[in-house]
Protein chains: 2
Amino acid sequence: MRKLWLICVGLLFLGSCTSQSSKQSNDDSVNYDQVKADSLGIPRGNKLSTAMKRAMKWPQHDSSWFFEYKTMALKGDLAYEKGVVRRDPSSVYKIDGQYYVWYSKSVGPTQGFAGDIENDKVFPWDRCDIWYATSTDGITWKEQGMAVPRGPKGNYDDRSVFTVEIMHWKDKYYLCYQTMGALYTVRSKDAIGMAWSTSPDGPWTKTTKPVLKPADNGVWKGTEDNRFLVEKKGDFDSQKVHDPCIIPYKGKFYMYYKGERMGEEITWGGREIKQGVAIADNPLGPYVKSEYNPISNSGHEICVWPYRGGIASLVTTDGPEKNTVQWAPDGINFEIEASIPGAPHAIGLVRSSDTNEYPLAALKWGLTHTYNSYDYQSIIRFEAYHPTHHAAKGEVGSKGWKGNKEK
Amino acid sequence: MRKLWLICVGLLFLGSCTSQSSKQSNDDSVNYDQVKADSLGIPRGNKLSTAMKRAMKWPQHDSSWFFEYKTMALKGDLAYEKGVVRRDPSSVYKIDGQYYVWYSKSVGPTQGFAGDIENDKVFPWDRCDIWYATSTDGITWKEQGMAVPRGPKGNYDDRSVFTVEIMHWKDKYYLCYQTMGALYTVRSKDAIGMAWSTSPDGPWTKTTKPVLKPADNGVWKGTEDNRFLVEKKGDFDSQKVHDPCIIPYKGKFYMYYKGERMGEEITWGGREIKQGVAIADNPLGPYVKSEYNPISNSGHEICVWPYRGGIASLVTTDGPEKNTVQWAPDGINFEIEASIPGAPHAIGLVRSSDTNEYPLAALKWGLTHTYNSYDYQSIIRFEAYHPTHHAAKGEVGSKGWKGNKEK
């Protein structure tokens with residue numbers, strides 16, 4: 001009997017100790033990694049506020065993915081030209097000593113959607129063809145001509161071909177781009193087309209059919225041309241597949257793209273915009289959307305590059321993870337590597353084998369566009385850099401610092 | 001013996017069932033909340049990419065904290081004036097039908113730190129006094145004069161008084177502001193001073209001593225005037241306490257401030273900048289730094305307002321949580337409510353009892369500043385708004401939409 005009592009008392013004691021230490025270890029505002037707290041500048045002995053609990057969970061990051069950037073105008077045929085739209089530059093390839101870039105080109109003002117949709121221009125990227133230009137120095141460009149025109153009337157791409165990307169694979173060149181056919185209404189769905197050539201100067205042979213289409217699995221509500229009114233929204237890419245960019249990767253072809261959704265809402269992070277990838281065995285397809293889509297929960301125009309066996313991605317503009325640089329070791333599972341103040345939009349990266357050198361090597365310079373007005377955009381150049389310190393004018397570490405003069 | 005075997009086999013079976021179901025439940029790319037996945041636009045049957053696993057953990061948020069904004073120039077004495085710095089506007093109070101604002105004012109160019117620090121102007125906010133202006137409509141302002149000058153030579157505030165905030169409490173007015181005394185070097189530490197008056201027009205009585213100081217618990221390395229060289233960094237506010245803003249809250253006075261750190265580094269989120277709060281029983285102090293500091297892991301200028309029993313905070317510019325709107329039910333533990341594209345900096349909010357109406361009521365309009373150049377800044381006005389949809393020109397839901405014309 002006495003042994004039983006002792007056992008019971010012992011068990012009760014153990015039980016209470018366990019529950020007490022679990023209560024203490026549950027107070028995560030006082031029990032925490034001191035080394036990490038010191039690195040974050042938390043005063044010794046302080047409790048963790050909610051914001052610092054979040055900070056304590058940040059993965060170990062260095063700053064090598066963090067960048068700022070500047071922009072500059074281009075010269076020659078890509079300089080500002082009144083009445084002309086040049087926008088959404090492709091990646092830039094250096095071929096036989098010349099840089100090549102492709103882009104959307106159209107002329108004239110944008111009327112928008114409230115008028116005569118059959119004859120008006122509803123967006124700056126409506127009524128576009130794909131043109132291209134070359135440069136020896138990446139600053140002064142010569143417009144070479146039209147690469148891919150709109151298709152003949154009745155074709156799926158007869159309204160506009162735009163937002164183009166270029167891939168060079170095994171002595172062929174492949175353009176992929178957004179297409180609009182027939183009427184360009186608010187509720188229209190688009191499609192992605194492709195064209196190939198044995199030369200960057202063309203001529204280009206189009207695919208007869210689109211290579212990628214929206215999921216089209218929402219349900220509109222009513223007949224008004226209003227993309228926000230739905231019975232059902234469908235997938236993240238139920239209305240649009242935009243900004244296609246193909247990267248040869250792991251023996252296949254990864255076409256990253258932005259989705260737009262029927263019934264798109266404004267969320268706590270702004271527009272609900274997500275990105276997906278479609279994968280093919282051959283450059284011209286068939287492209288099959290990944291079962292892991294969407295691979296980004298935020299973002300806008302696609303900006304991806306291969307980096308040390310994985311894929312890096314610049315996520316801009318929309319969603320809670322806007323303005324981050326991300327990296328996926330497998331091209332699918334992206335982690336956040338940096339949070340940046342902002343970035344150029346619609347980037348055309350310079351494709352080069354040097355991009356594995358360091359994380360931001362791919363962003364040394366590239367192309368983007370600027371809005372001169374709602375109607376007219378021009379292509380410009382950006383240069384990204386990694387700031388080592390935030391140094392003020394005349395401060396050690398600042399540009400042009402010459403040292404304090406002796407008194 | 002047989003019963004024992006049966007029990008063992010039964011236990012083994014149970015054990016394997018448990019481990020299998022725990023293995024299945026560990027595959028969080030296939031087992032997930034379908035309702036939430038549908039709302040996020042994940043195609044039915046898909047596996048979760050890493051980015052979507054993060055998205056599935058987002059708290060339920062509506063979009064009521066999300067905003068965009070526009071800015072406009074001011075008229076009258078706060079319009080652009082060549083050769084003059086007016087910056088970092090305080091909150092705006094409406095007193096007897098007039099809006100009042102206080103701000104840093106100085107003249108002349110900034111030489112920076114590389115010259116004769118004793119006689120030069122090292123920052124646009126060096127060599128400042130605090131001035132104030134009034135307006136009936138918040139657009140046209142009349143500069144009324146100097147509110148608080150720099151102190152006499154030898155005083156802790158004899159070099160510059162700047163980055164001011166105003167609090168109205170029980171028929172007295174309290175200004176709090178940054179001060180610099182003696183030489184303004186790169187390694188200088190600042191202090192926060194206060195002044196009070198029975199009238200918004202002054203005269204103002206200063207506190208004889210600072211009310212808040214940096215932690216000063218880092219250790220410089222070497223004698224070069226270089227704030228990035230340290231043996232030890234110290235706390236998040238070891239070098240500076242900036243942007244003080246006092247909110248009467250829960251029967252006390254909460255002085256929110258930005259800290260800057262000795263040996264400040266560039267991180268994966270940019271500059272390492274964090275914010276703290278110091279609390280007092282009386283408006284003029286003593287202010288005691290909270291044991292929960294820092295209460296923000298990111299940000300820059302303080303922009304806080306009382307909202308429905310808690311404190312809302314706009315976090316801008318620096319750190320991984322830059323460009324978020326946050327809210328703390330207790331003024332200490334802040335959660336992220338929205339991720340915004342960007343925000344005006346150095347905001348002076350309009351103090352009004354209407355700010356409880358909805359989250360962004362406090363941001364209907366306010367003041368901020370713009371950089372005309374590195375040397376010269378002007379105060380301007382901003383107006384924030386909540387976009388209900390992202391609607392293009394002529395699209396249903398866009399401004400000025402008049403409806404599609406019938407054909």
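Here is how names work: the chains are called A, B, and so on, in the same order as the sequence lines, proteins then strands, and each is numbered from 1.
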[X] to [Y] - nearest heavy-atom pair and separation:
X: B:M52; Y: A:S296; result: SD-O, 4.3 Å
X: A:A392; Y: B:Y374; result: CB-OH, 3.8 Å
X: B:E337; Y: A:W268; result: O-CB, 3.5 Å
X: A:I295; Y: B:A51; result: O-CB, 3.3 Å
X: A:L48; Y: B:N333; result: O-OD1, 4.4 Å
X: B:I340; Y: A:K322; result: O-CD, 3.7 Å

If you count heavy-atom pairs under 4.5 Å with chain A, which of [options] comes out on top?
options: B:A55, B:G270, B:G218; result: B:G270
options: B:R271, B:E68, B:E264, B:K233; result: B:R271
options: B:A338, B:G234, B:G276, B:P43; result: B:P43

Give, as side chain, backbone, both or neither, the part of B:D237 having an atom under 4.5 angstrom from any heavy atom of chain A. neither

With a 4.5 angstrom heavy-atom cut-off, could you sort out which part of B:D375 is near chain A: side chain, backbone, both or neither? side chain

Using a 4.5 Å cut-off on heavy atoms from C-beta on, say whether the side chain of B:R54 contacts that of A:E335. yes

Is the closest side-chain heavy-atom distance between A:H61 and B:T267 below 4.5 Å? no

Salt bridge B:E395-A:R187, side-chain N to carboxylate O under 4.0 Å: no

Heavy atoms of other groups near B:K53 NZ, more than 12 under 6.0 Å: yes

Is it true that atom NZ of B:K36 has more than 12 heavy atoms of other residues, nucleotides or ligands lying nearer than 6.0 Å? yes

Contact leader toward chain B among [options], where contacts are heavy-atom pairs under 4.5 Å:
options: A:L229, A:T317, A:I336, A:T185; result: A:I336
options: A:A328, A:G259, A:P320, A:P341; result: A:P320
options: A:G112, A:G342, A:S339, A:S298; result: A:S339
options: A:S238, A:G269, A:G319; result: A:G269
options: A:Y292, A:F236, A:F334, A:W65; result: A:Y292

Value for CE (B:M56) from CG (A:N297), rounded to nearest 0.5 Å, stands at 12.0 Å

For the CD1 atom of B:I332 and the NZ atom of A:K47, what is their distance to the nearest 0.5 Å? 11.0 Å

Which bit of [X] comes within less than 4.5 Å of chain B, counting heavy atoms only: side chain, backbone, both or neither?
X: A:D120; value: neither
X: A:S39; value: backbone
X: A:I42; value: both
X: A:S290; value: backbone
X: A:T388; value: backbone
X: A:F67; value: neither
X: A:I266; value: both
X: A:D318; value: neither

Is a side-chain donor or acceptor of [X] paired with a backbone partner of [Y] at a separation under 3.5 angstrom?
X: B:K274; Y: A:L40; answer: yes
X: A:K393; Y: B:T110; answer: yes
X: A:S49; Y: B:P294; answer: yes

I need the single residue from B:E265, B:R227, B:E260 that forms a side chain to side chain contact (heavy atoms under 4.5 Å, CB included) with A:H390. Which is it? B:R227

